[in-house]
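Worksheet: the structure to be examined is printed underneath.
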Amino acid sequence: MVENNKIINKKLRLRTTIFSSGTISRQELIRNTGLNTRSVIAYADELCKQGIISQSKEENPHGGRPSIHYHSCSEKICCAGITLLRNVLGIIVVDVNSWILFSKMLTIPENASITEMITLVFRQIEEFRKQFPDKVLMRIALSRNPYSSSHSKFFTAMPELTLALSKHFAVPAELYKSSEVILLHQIQRSNITEPSVLLSSGDEINVAMVENGQIVPAMHHYERKLAHCQFSARSLEKCYCGKWHCICNTMTTLATVRRYYHLKGQDFSALQAKAPNPDNFYQECYNNLHARGDAGEAAARRIQEERGQLWAELICRVKEDLHAKHVFISFRNRVTYQKLEQAYAELTGEALPIQAVQVNHNADVICATASIARIKVLSNS
């Protein structure tokens with residue numbers, strides 16, 4: 001049965017009062033929270049079973065019934081963050097004050113099954129519990145990177161892992177995109193309250209949004225619509241929807257690489273077929289493309305400038321559709337950024353309302369993922 005918001009808020013009020021007091025009698029708790037005796041007893045018993053508060057009896061020096069006191073055990077609370085990047089799993093456990101208690105980076109063998117991946121994660125959580133038997137795992141947050149992992153069988157298994165963790169450890173577990181985690185982390189650090197989005201391009205165009213301090217769910221519906229919006233660039237091949245100017249056929253990593261080799265007069269498909277690792281070939285080409293553009297190669301430089309124009313059009317469209325006040329982007333190429341600034345000013349007559357997001361290590365995403373779980377525990381949401 002799903003609890004309604006009124007009950008959740010009552011429990012949060014009671015838990016916050018106990019945590020802030022350290023130790024408090026039942027009668028004081030009733031007075032300070034405004035809850036009736038039955039509710040205080042029921043909610044406090046639930047917290048005692050979870051292990052995050054304790055209860056004691058103290059004799060009344062004047063005789064009569066002993067008084068019941070509740071004691072905060074918030075130092076026992078911990079939350080886990082789990083991330084997937086390609087076939088690398090990062091696991092971190094933090095306490096209520098964000099201190100890192102446990103961390104592991106695991107490389108999953110390419111030939112491992114989904115069951116073996118889930119078992120591997122279970123073992124790490126169990127290892128943590130053995131090392132810290134007095135800690136209480138309250139929540140798990142998971143994130144996956146759709147830009148570099150979407151073709152991986154482990155990527156598609158993350159929802160299954162999320163459900164398995166929640167069932168096995170009897171705690172809430174939620175799955176996020178890494179872009180959502182990064183954006184929320186940036187918003188909290190910058191004290192931004194207005195609606196904000198993070199735009200990323202990879203195998204797909206990705207949009208993450210935060211409004212009122214919360215991740216906006218189900219953005220994939222908007223992403224599907226956005227993918228077939230018509231922009232200025234014409235793709236090399238007609239999209240399956242029958243149009244030539246879809247953003248999904250002009251701005252993704254693969255589309256960019258294809259366009260680059262077309263300008264050079266080379267057959268990308270033939271080059272990919274000869275590559276030692278065909279599946280990763282286009283990503284390697286994309287990384288090399290920017291190095292070549294920065295070095296002044298004409299075809300690569302043209303691609304960088306074309307992408308700046310597309311980014312400007314994309315930002316204008318997303319701001320209008322989602323009424324976003326702040327836009328974050330995840331690239332740092334100088335040539336593309338300069339063209340973006342120029343094109344945006346030409347399109348709107350305004351300065352560019354964006355901030356660059358720089359996440360250089362998978363550890364940044366792992367810590368931010370665990371932080372989401374921690375904040376949800378503290379807010380009881």
Side-chain angles (χ1 to χ4, degrees), residues 145-148 150 177-180 182-183 186-187 192 194-211 215-216 218-241 243-260 282 286 289-290 293 301-359:
N145 188 321
Y147 325 117
S148 56
S150 58
K177 292 186 295 187
S178 59
S179 56
E180 294 172 331
I182 293 166
L183 177 60
Q186 292 283 336
I187 292 299
I192 293 174
E194 300 89 353
S196 304
V197 297
L198 169 60
L199 302 177
S200 311
S201 67
D203 293 338
E204 300 174 347
I205 303 301
N206 183 268
V207 183
M209 186 172 184
V210 169
E211 189 170 14
I215 293 171
V216 177
M219 287 301 292
H220 58 275
H221 298 300
Y222 176 70
E223 290 169 348
R224 288 173 189 159
K225 173 186 172 183
L226 182 67
H228 298 284
C229 289
Q230 300 299 286
F231 288 77
S232 63
R234 189 177 192 275
S235 60
L236 296 175
E237 300 175 353
K238 186 183 291 187
C239 181
Y240 65 83
C241 71
K243 299 176 182 177
W244 286 95
H245 296 267
C246 296
I247 196 71
C248 63
N249 257 24
T250 56
M251 202 171 168
T252 60
T253 300
L254 181 57
T256 301
V257 172
R258 286 184 179 278
R259 169 72 174 156
Y260 168 68
Y282 74 94
Y286 181 79
L289 183 157
H290 285 296
R301 180 62 63 93
R302 182 173 170 180
I303 290 292
Q304 290 175 326
E305 292 176 350
E306 288 179 352
R307 283 180 63 80
Q309 175 68 39
L310 286 172
W311 271 106
E313 295 176 28
L314 177 63
I315 290 170
C316 288
R317 182 59 181 257
V318 170
K319 274 178 56 61
E320 180 181 352
D321 289 347
L322 301 179
H323 307 289
K325 298 297 182 182
H326 300 276
V327 179
F328 291 78
I329 56 175
S330 61
F331 72 88
R332 291 166 288 170
N333 181 264
R334 177 180 54 83
V335 176
T336 302
Y337 191 87
Q338 288 174 347
K339 180 61 179 179
L340 165 58
E341 286 186 308
Q342 176 190 337
Y344 188 85
E346 292 172 354
L347 289 168
T348 66
E350 302 173 356
L352 200 58
I354 69 171
Q355 302 185 47
V357 173
Q358 296 187 13
V359 180

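If you read the sequence from its start, that first residue is 1, and numbering goes on from there.
With no hydrogens or angles considered, no side-chain donor-acceptor pair links Gln309 and Glu305 at under 3.5 Å. Between the side chains of Glu223 and Asn206, at least one donor-acceptor pair of N or O atoms lies under 3.5 Å.
Counting only heavy atoms from C-beta outward, the side chains of Cys316 and Thr348 approach each other to under 4.5 Å. Contact annotation: the side chain of Leu347 never approaches that of Ile315 to less than 4.5 Å [non-hydrogen atoms, C-beta and beyond]. No side-chain heavy atom of Leu322 sits under 4.5 Å from any side-chain heavy atom of Val216. Taking 4.5 Å as the limit, some side-chain heavy atom of Glu306 sits within range of a side-chain heavy atom of Arg302. Put simply, the side chain of Leu289 does not reach to within 4.5 Å of the side chain of Arg307, judged on heavy atoms.
The distance from the CD1 atom of Ile182 to the CZ atom of Phe328 is 11.5 Å, given to the nearest 0.5 Å. In this structure, CD in Gln304 is found 10.0 Å from CD in Gln338, a value given to the nearest 0.5 Å. Rounded to the nearest 0.5 angstrom, Lys325 NZ and Ser196 OG are separated by 10.5 Å. Expressed to the nearest 0.5 Å, how far NZ of Lys243 lies from CG of Asn249 amounts to 12.5 Å. Distance check: Met219 CE to Glu180 CD gives 8.5 Å after rounding to the nearest 0.5 Å. For the atom pair OG1 (Thr252) and OH (Tyr286), the distance works out to 9.5 Å, reported to the nearest 0.5 Å.
No more than 12 heavy-atom neighbours from other residues, nucleotides or ligands sit within 6.0 angstrom of CD on Glu320. The neighbour count for Arg317 CZ, taken as heavy atoms of other residues, nucleotides or ligands under 6.0 Å away, does not exceed 12.
Between Ala227 and Cys246, the shortest heavy-atom contact is O-CB, 3.5 Å. Met209 approaches Pro195 most closely through the heavy-atom pair CE-CB, 3.8 Å. Closest approach of Leu198 and Leu183 over heavy atoms only: N-CD2, 3.7 Å. Of all non-hydrogen atoms in Tyr344 and Glu350, the two that sit nearest each other are CD2-O, 3.7 Å. Contact between Thr250 and Leu310 at its shortest, heavy atoms only, is O-CD1, 3.9 Å. Among all heavy-atom pairs drawn from Val257 and Tyr282, the shortest one is CG2-O, 3.4 Å.
Separation of the His228 and Tyr240 ring centroids falls under the 6.0 Å cut-off.
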Determine, step by step, whether Val207 and Leu199 satisfy the side chain to side chain contact (heavy atoms under 4.5 Å, CB included) criterion, reporting the C-alpha distance in whole Å, the side-chain angles of both residues, the deciding distance to 0.1 Å, and the verdict.
CA-CA 5 Å; Val207 183; Leu199 302 177; 3.8 Å; yes
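Of the possible polar contacts, none joining the Arg234 side chain to the His245 backbone as a donor-acceptor pair under 3.5 Å is found.
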